[in-house]
Amino acid sequence: MKKFERYPVSLTNSLSGKKEVFKSINPGFIGMYVCGPTVYNNVHLGNVRTFLTFDIVSRYFRFLDYKVRYVRNITDVGHLENDADEGEDKIAKKARLEQLEPMEVVKHYTEGFHEVMRQFNIFPPSIEPSATGHIVEQIEITKNLLDKGLAYESNGSVYFNVRKYNQDHHYGILSGRNIEELMESGRELDNQDEKREKIDFALWKKASPYHIMRWPSPWGEGFPGWHLECTVMSTKYLGETFDIHGGGMDLKFPHHECEIAQGTAATGKTPVNYWLHSNMLTVNGQKMSKSLGNSFLPSELFAGTHSLLDRGYGPMAVRFFMLQSHYSSTLDFSNEALQAAEKGYKKLINAVGLIKMMDHSGKATTNAAVDAELSRLVKECYRTMSDDFNTAKTLAVLFEMSSRINDIKSGAIQLTTLSPETFTDFKNTFLGFVEQVLGLKEEQEQNDEILIGTIGLLIDLRKKAKTDKNFSLSDKIRDDLKKLGVQIKDGKDGEMTYSFD
RNA sequence: GGUCUCGUGGCCGAGUGGCUAGGCUGAGCUCUGCAAAAGCUCCUACAGCGGUUCGAAUCCGCUCGAGACCUCCA
């Protein structure tokens, strides 16, 4: 029996607004698409939260023995700046401002994005396609929609006819909007607008003479519209109907709504079975966003250079911080919360170090109550994660487990009272959930032989000093090392361990 | 204005009809030469008002407050 059969996953499907039991199209396989970053600027912490959410999702599915194909795109063209720019896209605008080739901008920020993902221990997706690599497919789907009469050409641009689509389908199925209200609210059409209705959206945009990112098409030189790339790349790599589509809440409308419309119109099939949306990271209760000017760059966070921060925090502490809340809730970002998270993270990771050094001798006089309790905790990890990827609850269980690990270390629980099977299961589950599922690891792995040797030597000297009751020397070694960021921990029987702050 | 979400103890944050979330902070104790680490104990909350129910933080209604989307945004 596969793990995913034993611990079926429930998730909140934005399409129904309800928690549903997840069932993949092909048993044992999952296709997941997530809207990636627009690489015209540095990613900020809010962006990181979303990618972290889906990192957890893919990690957990894999942990449950699913084979996951995770596609996350790079948007390197196509998101329109605004209408005042006559449809100039973000990459092109940035390129002109910096006197760079568009692809130079793209390359630069893509590298930066990847670096940030590495720092947060967020796994790369299986496929990371880029919009510019799929221009041909985007033109094809536009032709397809024109042939079906669900799109129209206007002055070298092509728009999706929302009203027409809505005759046979439901535009607004995801965001709960109705088309009539959308027609009434919002911006008016101005007379030089090419759209027939203001809710229509661009599939292909004609390039103005100064627009530097452009491709030939049946409608003249231009570039693809806002939402098309995701439809094209998701269906190309995952099929016309696939399991999961993820992204930030703020993409729900119009982006994902348009994807559903385009995809459904083009293939006649429902593109996605489960939509997952992660909520926003907030600062003082307000959404962290570039346009509001309250965004934090990961580098500012690590270095502690942001004005709202007292000091820097490591990426793993931040990762832990984000995992303490559920992905569907907003999470408020503050100095105090970060400090608390850092301490909690250290406590947890300390237990990881401890249990790694523990082994069961194989001999046991089992205490049924203790044994059952540890088995319960093992199951609880799966149960909480399978309940809509509840990382907050899972962390609570892992903290209970770490208490038990400390009990074993202090002797409050004797390893011999546990059956070897229970202990092995407990150890593997604890380590598996902390490291593989939640992706938490020691902040910096110390592989420096000289450093480790030196600390070992100092510990030996301190032990000697203590045996000689030379406490001033033993305290000096401990305190001076502490100042350097090495924490000595005295155990029973004069044993000493250490950790890096 | 329209649509929607949320309001939990000193702080951060799960939960969602009856049973201790958890982390951080604070206080006390155990261990220790002293600390640190670890353990134990204590601090019992669900915006307000009304309703449903044997029973509600959890369901319903209203009020107040905060936020998101409706324009690019993870």
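In what follows, chains are A, B, ... by sequence order, proteins preceding strands, each numbered from 1. Only this structure's heavy atoms are used, side chains among them; waters, hydrogens and symmetry mates stay out.
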Would you say a side-chain N or O of [X] is under 4.0 Å from OP1 or OP2 of [N]?
| X | N | result |
| --- | --- | --- |
| A:S334 | B:C12 | no |
| A:K343 | B:U25 | yes |
| A:K482 | B:A35 | no |
| A:N390 | B:A14 | no |

Notebook entry, point to check: With stacking defined as ring centroids separated by under 5.5 Å and planes differing by under 30°, is A:F399 stacked against B:G23?
Noted result: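 Not stacked: fails the 5.5 Å / 30° test.
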Euclidean distance for [atom1], [N] against [M] (whole angstrom):
| N | M | atom1 | value |
| --- | --- | --- | --- |
| B:C31 | B:U44 | C1' | 29 Å |
| B:C46 | B:A38 | C1' | 32 Å |
| B:C24 | B:G9 | C1' | 13 Å |
| B:C69 | B:A74 | C1' | 14 Å |
| B:A45 | B:U16 | C1' | 15 Å |

**OP:** Looking at every strand, decide which applies to A:G46 at a 4.0 Å heavy-atom threshold: base, sugar-phosphate, or nothing.
**Re:** base
Hey, is the side chain of [X] pairing donor to acceptor with the base of [N] inside 3.5 Å?
| X | N | answer |
| --- | --- | --- |
| A:D490 | B:A35 | yes |
| A:D332 | B:G13 | no |
| A:R478 | B:A36 | no |

Winner on side-chain proximity to A:K347, out of B:G33, B:C24, B:C70, is B:C24
In terms of relative ring orientation, are A:Y382 and A:Y7 parallel, tilted or perpendicular, with 30° and 60° separating the classes?
parallel
